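Let me begin by presenting the structure, written as structure tokens, before commenting on it.
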Amino acid sequence: MDNAISVVGLTKSFGQAKALDGLDLTVARGEVHGFLGPNGAGKTTTIRILLGLLRADGGTATLLGGDPWRDAVALHRRLAYVPGDVTLWPNLSGGEVIDLLGRLRGGLNAQKRKDLLERFDLDPRKKGRAYSKGNRQKVGLIAALASDVELLLLDEPTSGLDPLMEEVFRQVVAEETRNGRTVLLSSHILSEVEALCDRVSIIRLGRTVETGTLAELRHLTRTHITAELATPPNGLAQLPGVHDLKADGSTVRFQVDQAELDAVLRQLTTHGVRSLVSQPPTLEELFLRHYETESQR
Amino acid sequence: MTSLTGTGTLIRLILRRDRVLMPIWMLCMALLPMGLASGTASLYPTDAGRQGYIDSLAASPIMLLFYGQKPAEPSLGALIFWRAATGIVIMGLIGLLVVIRHTRVEEEAGRRELLGSAVVGRHAALAAAVLTVSGASLVVGVLVALGMISQQTPAPGAFAMGLAWAFAGILYAAIGALAAQLTTGAGAARGIAGALLGLDFILRGTGDVAAGGLSWLAWATPLSWVYKVHAYTDDRWWLFALTAAVALVLVLAALRLSARRDVGAGLLPPRLGPAAAPASLRSPFGLAWRLHRGSLTGWTIGLGVVGGVLFGGVAKTASSLLEGNGQLTEIMERIGGKSVASDIFIGGSMGIAAIAVAAYGISAALRMRTEEAALRSEPVLSAGVGRLRWAAGHLAFALLGPTVVMAVTGLVAGLMYGASTGDVGREVPRVIGAALVQMPAVWLLTGLTVAAYGLLPRLSPAVGWVALSVCVLLGQIGAALQLDQIVLDVSPFTHIPHLPGPADVPVTPLLVLTVLAAGLTAAGLAALRRRDIPVT
């Protein structure tokens with residue numbers, strides 16, 4: 001089984017600004033892949049290159065076995081795209097936009113269109129200028145989800161949706177993947193990523209910094225330890241894998257890398273542990289760590 | 001008056017945003033009557049000459065419709081106030097457009113909301129827009145007066161004329177402010193205010209043309225009072241008080257309406273659209289049709305039908321006028337070529353129509369840029385539509401749309417002129433030919449815009465409009481300034497053969513222009529295929 005998306009060493013500059021700097025991304029067929037990174041990391045640029053709208057300066061990108069630039073039109077019949085900020089024609093109704101985009105792609109599943117309008121609670125008769133941000137987003141989502149395509153490219157698709165609608169979005173994407181569709185989901189909402197994604201890639205400054213399953217990524221995170229000790233914790237801060245150690249009398253608080261946990265705990269017990277609280281690692285911390293800029297690190 | 005808090009700051013915002021546009025229109029309007037006065041003074045230096053000119057123009061009802069009743073005396077100032085009366089309508093149009101630009105457009109874009117959350121009174125935004133436009137109109141009025149005084153016309157008359165122009169702007173700024181309260185869309189607000197201006201113009205014109213029974217119409221609407229000021233002859237200052245009172249009532253009404261409604265909402269409910277797309281909306285061409293059909297219809301009716309009626313309707317009168325005036329004939333010959341007087345006039349009119357149609361072609365081509373910059377090309381281009389197919393939809397309207405408009409202009413003008421000479425069968429094909437022969441030059445300007453769109457997308461609007469302005473300047477003023485033929489040759493319109501006229505039409509320039517237009521379009525499309533989209 002080949003990959004739906006395979007990107008190696010992608011580079012792209014806009015004038016002086018380097019948007020992508022050797023980005024790698026692999027999305028297997030049938031998986032929901034989370035695509036994370038701070039604002040300006042290059043997520044939208046990557047997706048636009050995958051859509052053949054931008055031309056990469058270097059590196060290779062393969063989409064559904066084709067070249068996204070050369071085979072753009074043929075590939076677009078097999079995918080659907082939702083931008084993070086859906087803009088509509090002011091004088092076209094939402095229903096007209098949904099039908100137009102579906103027909104351009106080569107057909108729309110009428111039953112799905114009807115169901116989605118109901119589930120997303122959207123009035124398709126309003127003109128483009130009359131929709132709120134969230135409702136414009138719904139038009140884009142329904143237009144993409146109502147067609148039977150192999151691949152969904154979603155660029156922060158739920159921005160502006162209320163929590164109820166976000167829940168509907170999650171259910172619909174989950175159903176789509178059960179039908180064998182591949183999804184690339186760029187998102188900032190970690191609960192959404194945790195609920196939907198099999199694997200994630202984190203990018204920063206145009207480069208992939210982490211990629212793997214959520215379980216694998218959890219191993220990269222740190223456990224929080226709070227311990228009350230009988231003797232002062234000399235030397236603990238120098239151990240490899242210990243971060244942000246704060247001592248307050250006989251109480252210490254620190255974070256420890258998952259890999260060093262065993263060694264650190266051994267050292268800790270030599271100081272006579274009276275109480276111990278350990279908090280499991282959260283993905284949020286991993287992301288925040290990667291989102292921080294160089295200067296903050 | 002806390003409801004006006006922040007008005008001063010908002011006026012500065014408007015001046016800052018319009019720092020280029022506003023001086024340009026103010027200067028154009030201020031120079032127009034002065035230029036006309038200096039030209040007329042050299043063509044008709046004597047009262048007798050001017051009286052003859054006025055009588056010959058006033059013989060045509062079309063002229064009365066446009067300019068109102070002829071002046072009672074043939075002084076230069078009175079003639080110019082009458083002849084430049086189109087400026088009154090243009091001032092009204094500018095007034096309503098600028099006010100809507102700074103009220104409803106801002107509201108529709110959501111920027112008004114951002115301002116409204118700051119320390120800004122409820123009435124500040126509307127008051128700032130009306131005050132700014134009124135102030136700018138008064139400045140134009142003073143400049144018009146100074147320009148007329150510089151042409152040795154009496155100062156009271158000059159100021160009466162300047163104020164008449166200024167009050168047209170102020171009156172329609174107030175009407176624009178009122179229209180902006182009614183609809184949620186700026187386009188619909190412009191339509192309402194523009195329709196009122198058109199109605200105002202037609203009612204006054206009908207009153208001026210119709211002797212007897214309907215002549216009260218000439219006094220029926222506020223804009224007609226501006227015409228009735230009769231600068232340089234009667235100088236009816238009291239009419240300004242009347243116009244100002246109407247404008248004030250309208251502004252107060254607009255403020256009342258604005259205070260009663262929600263930000264972003266209109267008084268007329270927004271209409272719903274269809275829940276599903278019609279069968280025609282299934283291709284890039286179908287989408288282009290939806291986006292372009294409004295402007296195509298507007299241009300076909302506005303220029304094709306109305307312009308055609310005017311050109312065809314006055315052709316016979318105008319040609320008899322030309323026969324009696326050597327200097328005017330010379331000017332029209334430069335645009336329309338040496339031929340019998342009626343052919344010169346029709347050729348010249350079609351040349352003017354072609355310039356207007358070129359503006360339509362350029363704006364239709366630039367629609368691609370608007371779509372790209374608003375990120376609306378992205379969903380279409382990522383839905384199985386190739387770039388060339390997407391561009392072809394818009395180009396169909398940018399290249400064929402102007403052709404349709406010119407053909408209709410020629411057809412209508414031909415019918416009107418044929419009816420006046422009694423030989424429709426002869427005139428219709430001749431006038432349509434004179435209209436369509438202009439197309440290669442129009443296509444060239446569209447092609448240039450498409451080339452710029454492909455190669456330099458950000459600069460494409462500037463390239464298109466600057467190219468058109470150069471053609472207008474060379475065509476209108478270039479000949480009068482006795483510029484070198486090499487300079488005049490820059491404009492494609494210089495190379496268009498003069499029709500209707502002698503039987504043998506030189507085909508080579510038409511072919512060269514068409515091939516150049518095709519080459520430029522192809523270059524633009526080739527660049528579009530290779531470049532990044534969107535370039536924002």
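Chain letters run A, B, ... following the sequence lines, proteins first, then strands; residues in each count from 1. Side-chain atoms are counted along with the backbone in the values below, which use heavy atoms only and exclude waters and symmetry mates. None of these values were measured; they are calculated from a predicted model.
Counting heavy-atom pairs under 4.5 Å between each of Arg129(A), Arg113(A), Arg48(A), Arg105(A) and chain B puts Arg48(A) at the top. With chain B as the partner, the residue from Leu92(A), Ile98(A), Leu117(A), Leu75(A) showing the most heavy-atom pairs under 4.5 Å is Leu92(A). Ranked by heavy-atom pairs under 4.5 Å with chain B, the first of Arg78(A), Lys126(A), Lys127(A), Arg125(A) is Arg125(A). Of all the listed residues (Leu287(B), Val385(B), Val535(B)), the one sharing the greatest number of non-hydrogen pairs under 4.5 Å with chain A is Leu287(B).
Minimum heavy-atom separation, Ser382(B) to Leu51(A): CB-CD2, 3.7 Å. Residues Tyr81(A) and Glu378(B) share a closest heavy-atom pair of OH-OE2, 3.0 Å. The shortest heavy-atom contact between Thr87(A) and Leu375(B) is OG1-O, 3.4 Å. Glu96(A) approaches Pro278(B) most closely through the heavy-atom pair OE2-CD, 3.4 Å. In plain terms, the two heavy atoms of Arg529(B) and Trp69(A) that are nearest each other are O-CZ2, 3.1 Å. Listed here is the closest heavy atom pair of Leu53(A) and Arg387(B): O-NH2, 2.8 Å.
For Arg261(B), the CZ atom counts as densely surrounded, since its 6.0 Å shell holds more than 12 non-hydrogen atoms of other residues, nucleotides or ligands. Lys133(A) NZ: more than 12 foreign heavy atoms inside a 6.0 Å radius. Within 6.0 Å of atom NZ in Lys18(A), 12 or fewer heavy atoms from other residues, nucleotides or ligands are found, so the atom counts as exposed in its surroundings. The environment of CZ in Arg531(B) is crowded: more than 12 heavy-atom neighbours from other residues, nucleotides or ligands sit within 6.0 Å. In the displayed structure, Arg207(A) atom CZ is contacted under 6.0 Å by at most 12 heavy atoms of other residues, nucleotides or ligands.
Side chain of His76(A) to backbone of Leu381(B): a donor-acceptor contact under 3.5 angstrom is found. Under the 3.5 Å distance criterion, the side-chain polar atoms of Arg103(A) are matched with a main-chain donor or acceptor of Ala277(B). For the pair Ser93(A) (side chain) and Pro274(B) (backbone), a donor-acceptor distance under 3.5 Å is present.
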Go through the steps to decide whether Asp99(A) and Leu281(B) satisfy the test side chain to side chain contact (heavy atoms under 4.5 Å, CB included), and finish with yes or no.
CA-CA 8 Å; Asp99(A) 287 346; Leu281(B) 189 60; over 6 Å; no

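In this structure, the portion of Ala279(B) lying under 4.5 Å from any heavy atom of chain A is its backbone and not its side chain. Within the 4.5 angstrom heavy-atom criterion, only side-chain atoms of Lys12(A), from C-beta onward, approach chain B. Both the backbone and the side chain of Ala275(B) have a heavy atom closer than 4.5 Å to some heavy atom of chain A.
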